[in-house]
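First up is the structure itself, then whatever we jot down about it.
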Amino acid sequence: MKVSRGLRPHKNATPLLLACTVLAAGCAPAPREEAPTDAAAADVMALPEGASSAAQAIDPAALRAAVGFLADDLLEGRGPSTRGDALTQLYLARTMELLGLQPGGPGGSWLQPFDIVSVEAEVPERWTFLGPRSGLNLDFWDDFIAASGVQDSQAVISAAEVVFVGYGIQAPEYQWDDFKGADLSGKVLLMLNNDPDWDPDLFEGERRLYYGRWDYKYESAARQGATGAIIIHTTPSAGYPYNVVQTGWTGPQFELPAGDEPRTQVHAWVSEEAARRLVELTGHDLDELIESAHSRDFMPVPLDITTSLKLENTVTVSQTANVAGLVPGSDPQLADEVVVFSAHHDHFGHNEPDPDGDDIYNGALDNASGCAEVLSIAKAATHLPEPPRRSLLFLFVAGEEQGLLGSQYYAEHPTFPAGRIAANINLDGANIWGRTRDLTYIGYGKSSLDALVDAAAAAQGRTVEPDQFPDRGSFYRSDQFNFAKIGVPAFYPDSGTDFIDRPDGWGRQQLEAWEEEHYHQPSDELTDEWNFEGMVEDTRLAFEVGLAVAEADEMPTWNEGDEFADERAAALAQVARDDEPVTPTP
């Protein structure tokens, strides 16, 4: 068993105490180059007294200590409902307690526990498809990955017809319907990843929407009554290589307990090469099918192929928990409103070993780094002379890697009503390569938070860029999405790409290389090469944006016409109804 280089080899709980102590202590702040301050930017921000001084508490030592503990082998990859998960929850809660925060969970607790269902499927080594003249066997792992869509002992597809359904999208606002009323009950749907991306006026062009996400695809197939759904993987359409599917979709798969929602029996992926062989069984050409899907007039294409598959499932119900700490607001009129800083604390635990036999998915960048940032922001908040007007909630959610489960649970059971959550600032994957001239803002252009982020960046002498990899649909891939779905404006800061003292293009190369080599792999570990200077600057910016929201007279709003604006209006209306005085009955 290897030991992460962030801490010495562990023999007992000493690393936990060390990390807590380093984070909570008033470490000497790292030197900060003073950037020109734009007067207009300062007016927009309206930060509370002492904010700049408090931000200096965010320093490299505290960030490294937290990452070093959370990504250590002791925590075994922080898989849901494991000993590492419990240690993670304990560490986060005790660190916030040491910082002087109050418990932020329900009933005065640090934790918001919830049930999760683990479904581990035993998948056959081969999946057989029968065409009119011949058959095809696809090999598990190399050609296909399959997981159960149901929380039962078996998931079964029995002699089902395979139908190509293009992107599998129904989007009335774009006059788009890939199903055209076809009866797809009991069928297996073969579908493209992503959403239509060739026209900037259609599905917002290269910027991937929720329609392009795998979870939408499976939900869409289930609404059609399909028994199975197969997504064709390509690296450009997924935004990550096939090995991410291999590691992420094998082993135990976690979900919230099933309700009465429609479900397919099997969720599957196939490689592009396997998909080509599959459609060739009946003389079709995959490129021609894809071309036909590039039209509103597309009609589902029965492939004259049938298939059967049975997965034997081990189903286990267990618990994990969100962890929450609170800094109550100082304004009696606004303290019942809150700014939520969030980060997910889970990763993949033990999973498929790499060539060296390492099977611990430490998740240092994803997302021990985000947890470290939120803890450091909490530490900075305690350095303010007085708390901000609104409350601050520091929320570490579970199960993000399994489908945003912890933030979904919180959104369904919030400790503050949705209409009183002023904003969500979500930190997921920090900058580990150094200082940048820019900041990437996932969700830029969607809400009035833009002005605050622009102002905070200007005060650092930096610029703000929208999502620099818009085809990956990042806004719908992390926990801010569940806050947005209940109407909460959200800011998801990501690493810039214009690195100081580096040649043009260097930043994009680092980000793409990291994704190719380390994303959701055992090699996502803390190393001596990590540069925390950019992480410090980004974290201070997120802290100041959150403070500006907490101090403002009005809460942020979605821009007119945004996809989440109606949910915000409904949440605010519900708060208004709840606040109406009760008229005594005569």
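In this text, all values refer to a predicted model and were calculated from it rather than measured experimentally. Scope of the values below: all heavy atoms of this structure, side chains included, with no hydrogens, waters or symmetry mates.
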What's the separation between atom [atom1] in [X] and atom [atom2] in [Y], rounded to the nearest 0.5 Å?
X    : Y    : atom1 : atom2 : answer
I290 : T234 : CD1   : OG1   : 8.0 Å
Q402 : Q253 : CD    : CD    : 5.5 Å
L190 : F164 : CG    : CZ    : 6.5 Å
D152 : N313 : CG    : CG    : 7.5 Å
L303 : L278 : CG    : CG    : 7.0 Å
Y492 : I425 : OH    : CD1   : 14.0 Å

Does [X] use its side chain to pair, donor to acceptor, with the backbone of [Y] at less than 3.5 Å?
X    : Y    : result
S292 : L289 : yes
K187 : G225 : no
R296 : Q175 : yes
K180 : F298 : yes
D498 : T436 : no
N351 : T247 : yes
S148 : V150 : yes
N362 : A71  : yes
S81  : Q319 : yes
D467 : G473 : no

| message | With a 4.0 Å cut-off on N to O distance, would you call R277 and E273 a salt bridge? | response | yes
| task | Salt-bridge test for R126 and D139: reply yes if a basic N is under 4.0 Å from a carboxylate O, no otherwise. | result | yes
Answer with yes or no whether the side chains of [Y] and [X] bring together a donor and an acceptor at under 3.5 Å.
X    : Y    : value
D454 : Y444 : yes
E312 : Q154 : yes
N137 : T128 : yes
S342 : D479 : no
Y441 : D450 : yes
E219 : Y210 : yes
Q246 : E352 : no
H344 : D366 : yes
D178 : W176 : yes

| Would you say the ring centroid of Y240 lies under 6.0 angstrom from that of W214? | no
| request: Indicate, with yes or no, if the rings of Y167 and Y211 have centres closer together than 6.0 Å. | output: no
Is there a side-chain contact between [X] and [Y] in this structure, where contact means two heavy atoms from C-beta onward sitting under 4.5 Å apart?
X    : Y    : result
V244 : Y242 : no
Y174 : L209 : yes
I360 : D358 : yes
F114 : N322 : yes
Q521 : D354 : no
E567 : K485 : no
T282 : P132 : yes
F483 : L395 : yes

| Non-neighbouring partners of H520 that pass ring-ring contact (aromatic ring centres under 6.0 Å, His included), sequence neighbours left out | H347, F348
| task | Please assess V266 against T227 for the test side chain to side chain contact (heavy atoms under 4.5 Å, CB included), listing each intermediate value before the final yes or no. | result | CA-CA 7 Å; V266 173; T227 190; over 6 Å; no
| query | Using 30° and 60° as the class limits, which term best fits the ring planes of F564 and Y476: parallel, tilted or perpendicular? | reply | tilted
| query | Parallel under 30°, tilted from 30 to 60°, perpendicular over 60°: which one fits the rings of F129 and W127? | reply | tilted
| Checking side-chain hydrogen bond (donor to acceptor under 3.5 Å, both in side chains) for the pair S407/N482: CA distance, chi angles, key distance, verdict? | CA-CA 6 Å; S407 57; N482 280 323; 2.8 Å; yes
| said: side chain to side chain contact (heavy atoms under 4.5 Å, CB included), that's the test. Do H284 and V301 meet it? Break it down for me. | reply: CA-CA 10 Å; H284 288 285; V301 180; 3.9 Å; yes
| Does the pair T557 and R568 meet the rule for a side chain to side chain contact (heavy atoms under 4.5 Å, CB included), with working shown? | CA-CA 8 Å; T557 60; R568 186 58 160 181; over 6 Å; no
| query | At their closest point, which heavy atom of V315 faces which heavy atom of S153, and how far apart are they? | reply | CG2-N, 4.4 Å
| Minimal non-hydrogen separation, V67 against A368, with atom names | CG2-O, 3.8 Å
Looking at [X], I'd like to know if its [atom1] atom is crowded, meaning that more than 12 non-hydrogen atoms belonging to other residues, nucleotides or ligands lie closer than 6.0 Å.
X    : atom1 : answer
E563 : CD    : yes
R83  : CZ    : no
E206 : CD    : no
D287 : CG    : yes

Show me the side-chain donor-acceptor pairs of residues 505-515 shorter than 3.5 Å, one per line, residues at least two apart or across chains.
from	atom 1	to	atom 2	distance (Å)
R508	NH1	Q468	O	3.1
E515	OE1	R472	NH1	3.1
E515	OE2	R472	NH1	3.2

| Would V117 and V119 count as a side chain to side chain contact (heavy atoms under 4.5 Å, CB included) if you check the C-alpha gap in whole Å, the side-chain angles of each, and the deciding distance to 0.1 Å? | CA-CA 6 Å; V117 179; V119 183; 4.1 Å; yes
